[in-house]
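Below is one structure; the comments refer to it alone.
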Amino acid sequence: MAKKITNRSEDYSQWYLDVVKEAKLADHSPVRGCMIIRPNGFSLWENMKRALDQMFKETGHENAYFPLFIPKSFLSKEAQHVEGFAKECAVVTHSRLRSIDGGVEVDPESRLDEELIVRPTSETIIWDAYRDWIQSYRDLPILINQWANVVRWEMRTRLFLRTMEFLWQEGHTAHATKSEAVEEAEKMLQVYKTFAEEYMAMPVKTGVKTASERFAGAVDTYCIEALMQDGKALQAGTSHFLGQNFAKAFDVRFQDRDGEHKLVWATSWGVSTRLVGGLIMTHSDDNGLVIPPKLAPVQVVIVPIWRSDDEQQEVMEYATPIVQELKEAGVSVKLDDRDNYKPGWKFAEHEVQGIPIRIAVGPRDVKNGNLEIARRDTLEKEIVTRSGIADRITGLLETIQQELFQRAKERMDNQTRNVDSYEEFKKEIERGGFIYAHWDGTDETESRIKEETKATIRCISDEFDQPGTCMVSGKPSRRRVLFARSY
RNA sequence: CGGGAUGUAGCGCAGUCCGGUAGCGCACCACGUUCGGGACGUGGGGGUCGCAGGUUCAAAUCCUGUCAUCCCGACCA
């Protein structure tokens, strides 16, 4: 088989790019830093959306949609928020073009009175609306999610992981009490963790961000952090407790039971197409993409094999009912009956596209009442009997889902360790992975570690609660925190 | 935004140093043989060489600018 994908160990960046390209997930667009999501990539994202959306509905949320454009004045109402996003905004300044010999130019006459910002996130425009929606405690809580695209003018981009425009969901909730808002932020973090682990088969660490890594405008940022195969961490989702910051900035108050007018408490939370990048980097191998069954747009592909027309007819008659049988069992199945490709070519294509299970059916199988089943994750092949195929496949899909998670979990656990001295830390961080170490809680120590080792505190973990001494300053530390180099 | 590399057919590349009117592999089209791990033969179609200037009788090739991509930094809820 012609090798089309770079070895992971040789050049991880190139490997990642090869996997994305060969699986036809996405391409670079003509616009710097943006991407074209191809049907294969988009259906993967749609499956993620569907599962997440269901989970949001089950936790009482509704979908809505707010404008793409945010007036500049809105963005600047919350001081920390605007400071965090000011350096990465796409700004609309004019409304039309005019003809100029053979081409067009921006019409200077059309300059806008107030510039519009293409949303980098929607807190401001949503809280401006919430002001009018909320008067009484009876109007609360508001539990809204929106599926949208946002733009952040990044300096350096990477397909799926960091693009200038990306697709995401952003939840924005409003609550009467602090404890209710905190509970919401924590609840949504758990939703993300469940989704990452049960659907993406991607194990994650959870915790809160340090002040320096916090979302601009948040009081607390909760996050899920995953570990990629090259030992770097990926921030896979965040959930923010926003306190009353946005309520203050947009003057959103409600009259409580006690008659008092009070500021509303807020949360926001989001995951993006970055998750697709995380999924790719968690499971894929040197033969290309590997998709966990629960999210695979096509879970099973059937490849019929024939030589003559007679064989074709015979094989197709044998294979076609299997499609129906699997569909009835709730399996997403495709019969690859294209006659312009040879079986070997199809095998390679399905492999590089990450389809979890392949069933091959040839004259030999028809004669013996068999099927050949091949697993994408392990590349193992097995001859099985035709009867009872639906049960076998549904069972195998479940097994693959579990094993993908187990393997990823073991990998993460093997790359997670405690370190007590800064010398050891410097050495260990070179090997990648997660490191739990003691930190004195100061910005100075945190930024010194970042400068000297390129490692950041991914989160203040809830896995540890034992005090100790900071590995850098020797000052007291309340608990170990999670360090890693990250994307 | 700094350092490095690259940009030539849908994809991957050679040609650039030393200027002379564009080539290879894959893919695509036709026909035939093939078909259980990316088939083969024969014939065929497709490119103003990223873009814009300049030098020259002549530019993919030299010069200037510009745009984009990749890698390393800086930056990054």
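Residue numbers start from 1 in every chain, and the chains themselves are labelled A, B, ... in the order their sequence lines are given, proteins ahead of strands. Reckoned from all heavy atoms, side chains included, excluding hydrogens, waters and symmetry mates.
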Review point. Does the ring of A:Phe74 carry A:Lys77 above it, NZ/CZ under 6.0 angstrom from centre and within 45° of its axis?
Key: yes

Take atom [atom1] in [N] and the same atom in [M], then report the distance between them in whole Å.
N     : M     : atom1 : answer
B:A22 : B:G65 : C1'   : 26 Å
B:C18 : B:A58 : C1'   : 16 Å
B:A14 : B:C26 : C1'   : 15 Å
B:U16 : B:C62 : C1'   : 10 Å

Evaluate the ring planes of [X] and [Y], with Trp represented by its six-membered ring, and classify them as parallel (under 30°), tilted (30 to 60°) or perpendicular (over 60°).
X        : Y        : value
A:Phe166 : A:Trp168 : perpendicular
A:Tyr130 : A:Trp127 : perpendicular
A:Trp45  : A:Trp147 : perpendicular

Return the value, rounded to whole Å, for the distance between atom [atom1] of [X] and atom [atom2] of [N].
X        : N     : atom1 : atom2 : value
A:Glu349 : B:C11 : CD    : P     : 18 Å
A:Asn340 : B:A27 : CG    : P     : 12 Å
A:Asp27  : B:G10 : CG    : P     : 14 Å
A:Lys21  : B:C11 : NZ    : P     : 9 Å

**Study point:** Residue that, paired with A:Asn145, satisfies side chain to side chain donor-acceptor pair (under 3.5 Å) out of A:Glu62, A:His61, A:Gln169
**Key:** A:Gln169

Exercise for review: Would you check if A:His240 and A:Trp269 make a side-chain contact, meaning some heavy-atom pair closer than 4.5 Å?
Suggested key: no

Review point. Can you tell me if A:Ser212 and A:Arg214 form a side-chain donor-acceptor pair at under 3.5 Å?
Key: no

Are there any protein N/O atoms within less than 3.5 Å of an N/O atom in nucleotides 66-71 of chain B, and if so, which ones and at what distance?
from	atom 1	to	atom 2	distance (Å)
B:U69	OP1	A:Gly33	N	2.7
B:U69	O3'	A:His28	NE2	3.2
B:C70	OP1	A:His28	ND1	3.4
B:C70	OP1	A:His28	NE2	2.8

**Study point:** Residues forming a side chain to side chain donor-acceptor pair (under 3.5 Å) with A:Gln415, sequence neighbours excluded
**Key:** none

Check your understanding: Can you tell which of B:G38, B:C75, B:G37 lies closest to the side chain of A:Met155?
Key -> B:C75

Exercise for review: Could you work out which one of B:C76, B:G36, B:G37 sits closest to the side chain of A:Glu88?
Suggested key: B:C76

Exercise for review: Give me the residues of residues 370-390 of chain A where at least one heavy atom lies under 4.0 Å from an atom of RNA chain B, by number, or none.
Suggested key: A:Glu372, A:Lys381

Exercise for review: Could you check which residues of residues 231-238 of chain A get a heavy atom under 4.0 Å from RNA chain B? Sort them by number, please.
Suggested key: A:Gln235, A:Thr238

Using a 4.0 Å heavy-atom cut-off, does [X] contact any base of the nucleic acid, only the sugar-phosphate backbone, or nothing at all?
X        : answer
A:Trp153 : nothing
A:Phe166 : base
A:Arg358 : base

Within the sub-3.5 Å range, which N or O atoms of nucleotides 32-35 of chain B have a protein N or O partner, and how far apart are they?
from	atom 1	to	atom 2	distance (Å)
B:C35	O2'	A:Trp306	O	3.0
B:C35	N4	A:Arg307	O	3.0

Check your understanding: Going through the distances and angles, do A:Arg376 and A:Glu351 end up as a salt bridge (charged side-chain N to carboxylate O under 4.0 Å, His left out)?
Key -> CA-CA 6 Å; A:Arg376 171 61 187 91; A:Glu351 202 162 286; 5.5 Å; no

Exercise for review: Please collect all ring-ring contact (aromatic ring centres under 6.0 Å, His included) contacts where either partner lies in residues 344-383 of chain A, sequence neighbours excluded, each pair once.
Suggested key: A:Tyr341-A:Trp345

Practice item. Kindly indicate, with the supporting measurements, whether the criterion ring-ring contact (aromatic ring centres under 6.0 Å, His included) is fulfilled by A:Phe483 and A:Phe425. Key: CA-CA 10 Å; A:Phe483 286 91; A:Phe425 181 87; 5.0 Å; yes

